[in-house]
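Read through the structure below, which is laid out as structure tokens, and then see the notes.
Sequence lines set the chain letters: A, B, ... in the order given, protein chains first and strands last, and positions in each chain run from 1.
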2 protein chains.
Amino acid sequence: MADLRRPERTFTIRQLCNEFKATPRALRFYEDKGLLNPAREGLNRVYSHKDRVRLQLILRGKRVGLSLSEIRELLDLYDENDQGAAQMARSLKKFRERATALEQQRDDIDSAIVELREACDRLEKRLGEIRPDLLPRAADYEQVLRARLDGHAEAMLGK
Amino acid sequence: MADLRRPERTFTIRQLCNEFKATPRALRFYEDKGLLNPAREGLNRVYSHKDRVRLQLILRGKRVGLSLSEIRELLDLYDENDQGAAQMARSLKKFRERATALEQQRDDIDSAIVELREACDRLEKRLGEIRPDLLPRAADYEQVLRARLDGHAEAMLGK
DNA sequence: GCACAGGTTGACGTTTACGTAAGCGTTGAC
DNA sequence: GTCAACGCTTACGTAAACGTCAACCTGTGC
């Protein structure tokens, strides 16, 4: 009948779930938390294109690590005044803050990685001293040995 | 009396808490979970140097993002046989896995940062079109304006 | 008339790492 | 003598984001 892409098209909960790989429970949960507000047809939820967009925004927010309540705040801002430049400015601020926080988080992770790598190196060294046979990727050592036999010393120096 | 650094020195819960910026509740919690097992003097906990080291390992594990149960596994491995090379090998494996997971996590964060930055740029652009006065860090714009007046065009090109 | 698919509303369960009392004992300072 | 500081145990509370029932309704095809 009607073109499924026409803007007045509506969606069932499952359609959106399939499209965005979410669960009905999740969408209902978002509604519970005030992030969505689909129309009803009797009891059944009926999602409009606007709802779909909101859902997209929610999921995007989640991807960048915003909490549902933060996402809600942003969504509310847009609702108050869809054209409000002030709201855009606040969103921008929020995004910037989040980006900064993420960079901090990434640096923390990098530190953790360094700490882990160092621990790995120490373990590897001691293991190599007492039980080289237990070292993972023994195949690499065979390569080294073969290289040695072949007189390709550079293979041991890494590149 | 005795040198506080002598190995037979013991610690109270609060001393360790102060040293490592933890709370008594946390140490008791770790004990509850089987990560620590301090001696008792009546009811009071008495931490030895070994306990202190364990606590250090616990906190290090936390810093790199291991869960308490994972940390516990590792500590248990060391306990079973303090010299066991096999256990070292398993720890090494665990660390490697964690490092890999962390790198994945870091990449995810990087993606999120990119997504956020793009959103920021879009917002900034549209805001600049409709309400440039709301743009954050208006001071920079004043700088640009001043640079323009001064004929220093390169200041606008960044660097 | 009935199973079946898919919708609904509660409401409790899960996980992690503690926080936060409540209630009580011990010790040292004043 | 008593108050503060510290310690103990037991146990409920918290936060996030849903998962997982249970029990019920409802339209459809056969």
Side-chain angles (χ1 to χ4, degrees), chain A residues 1 10-48 51-52 54-75 98 101-102 105 108 112, chain B residues 1 10-48 51 54-75 98 101-102 105 108-109 112:
Chain A
M1 324 294 179
T10 59
F11 308 84
T12 75
I13 194 168
R14 195 153 296 270
Q15 287 170 334
L16 287 187
C17 285
N18 289 338
E19 181 172 358
F20 296 113
K21 306 226 289 179
T23 66
R25 180 70 182 94
L27 297 212
R28 295 190 195 109
F29 184 75
Y30 298 153
E31 185 174 343
D32 231 49
K33 295 289 170 181
L35 283 85
L36 285 176
N37 226 17
R40 295 297 180 121
E41 208 169 72
L43 280 182
N44 290 18
R45 291 166 174 80
V46 178
Y47 295 88
S48 68
D51 293 322
R52 208 185 84 117
R54 283 179 79 91
L55 179 55
Q56 278 183 314
L57 290 176
I58 292 168
L59 297 177
R60 172 172 301 176
K62 288 203 58 183
R63 278 201 302 279
V64 303
L66 292 176
S67 73
L68 291 188
S69 62
E70 288 175 310
I71 295 171
R72 196 194 121 122
E73 286 173 32
L74 291 179
L75 256 37
R98 182 93 270 265
L102 279 179
Q105 207 177 325
D108 289 348
Chain B
M1 324 298 179
T10 59
F11 307 84
T12 74
I13 195 170
R14 194 151 296 267
Q15 285 170 335
L16 287 188
C17 285
N18 289 338
E19 182 173 356
F20 298 112
K21 306 227 288 178
T23 67
R25 179 71 183 94
L27 296 213
R28 294 190 195 109
F29 184 74
Y30 299 153
E31 185 174 344
D32 231 47
K33 296 290 170 179
L35 282 84
L36 285 176
N37 225 18
R40 296 296 182 121
E41 209 169 72
L43 280 182
N44 290 17
R45 290 166 175 81
V46 178
Y47 295 89
S48 68
D51 294 320
R54 282 179 79 90
L55 179 55
Q56 278 183 314
L57 290 175
I58 293 169
L59 298 178
R60 173 173 301 176
K62 289 202 58 184
R63 278 201 302 277
V64 303
L66 292 175
S67 73
L68 291 188
S69 62
E70 287 174 312
I71 295 170
R72 197 194 120 123
E73 287 172 31
L74 291 180
L75 289 174
R98 183 93 268 268
L102 280 179
Q105 207 177 324
D108 290 348
I109 288 181

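Checking the phosphate oxygens (OP1, OP2) of C/dT20, no side-chain nitrogen or oxygen of B/Arg25 falls inside 4.0 Å. For C/dC18, the OP1/OP2 oxygens have no side-chain nitrogen or oxygen of B/Thr23 closer than 4.0 Å. OP1 and OP2 of C/dG7 both lie 4.0 Å or more from every side-chain N or O belonging to A/Arg45. Residue A/Tyr30 places at least one side-chain N or O under 4.0 Å from the OP1 or OP2 atom of D/dC18.
Heavy atoms of B/Thr12 sit under 4.0 angstrom from primed sugar atoms or phosphate atoms, though from no base atom. Residue-level contact check: B/Arg28 touches the bases, meaning some heavy atom is under 4.0 Å from a base atom. Residue-level contact check: B/Lys33 touches neither bases nor backbone, having no heavy atom under 4.0 Å from any strand.
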Are B/Arg98 and B/Glu70 close enough, and set up right, to give a salt bridge (Lys or Arg N to Asp or Glu O under 4.0 Å), and what steps lead you there? CA-CA 11 Å; B/Arg98 183 93 268 268; B/Glu70 287 174 312; 5.1 Å; no
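Two residues are said to be in side-chain contact when any heavy atoms from C-beta on lie closer than 4.5 Å; A/Arg14 and A/Asn18 meet this criterion. Contact of the B/Arg54 side chain with the B/Asn37 side chain is not registered, since no non-hydrogen atoms from C-beta on lie closer than 4.5 Å.
Distances from the side chain of B/Phe29 to the nucleotides D/dC6, D/dA17, C/dA17 place C/dA17 closest. Relative to the side chain of A/Asn44, the nucleotides D/dC18, D/dC8, C/dT8 differ in distance, and C/dT8 lies closest. You'll find that the side chain of A/Ile13 is closest to C/dT8, out of C/dT8, C/dA17, D/dC8.
A/Leu27 has its CG atom 15 Å from the P atom of D/dA17, to the nearest Å. Between the CD1 atom of A/Ile58 and the P atom of D/dC18 there is a distance of 10 Å, given to the nearest Å. With rounding to whole Å, B/Leu16 atom CG is found 15 Å from D/dC6 atom C1'. In this structure, CG of B/Leu35 is placed 10 Å from P of C/dC18, rounded to the nearest angstrom. Taking atom CD of residue B/Glu31 and atom P of nucleotide C/dC18, one finds them 15 Å apart after rounding to whole Å. Atom CG of A/Leu43 and atom P of C/dA5 are 21 Å apart (whole Å). Look at CZ on B/Arg40: it is 15 Å from C1' on C/dT26, rounded to the nearest Å. Regarding A/Gln15, its CD atom lies at a distance of 18 Å from the P atom of C/dA5, rounded to whole Å.
Distance check: A/Tyr30 OH to A/Asp51 CG gives 14.5 Å after rounding to the nearest 0.5 Å.
Counting only distance, with no hydrogens or angles, the side chain of A/Asp32 and the backbone of A/Phe29 share no donor-acceptor pair below 3.5 Å.
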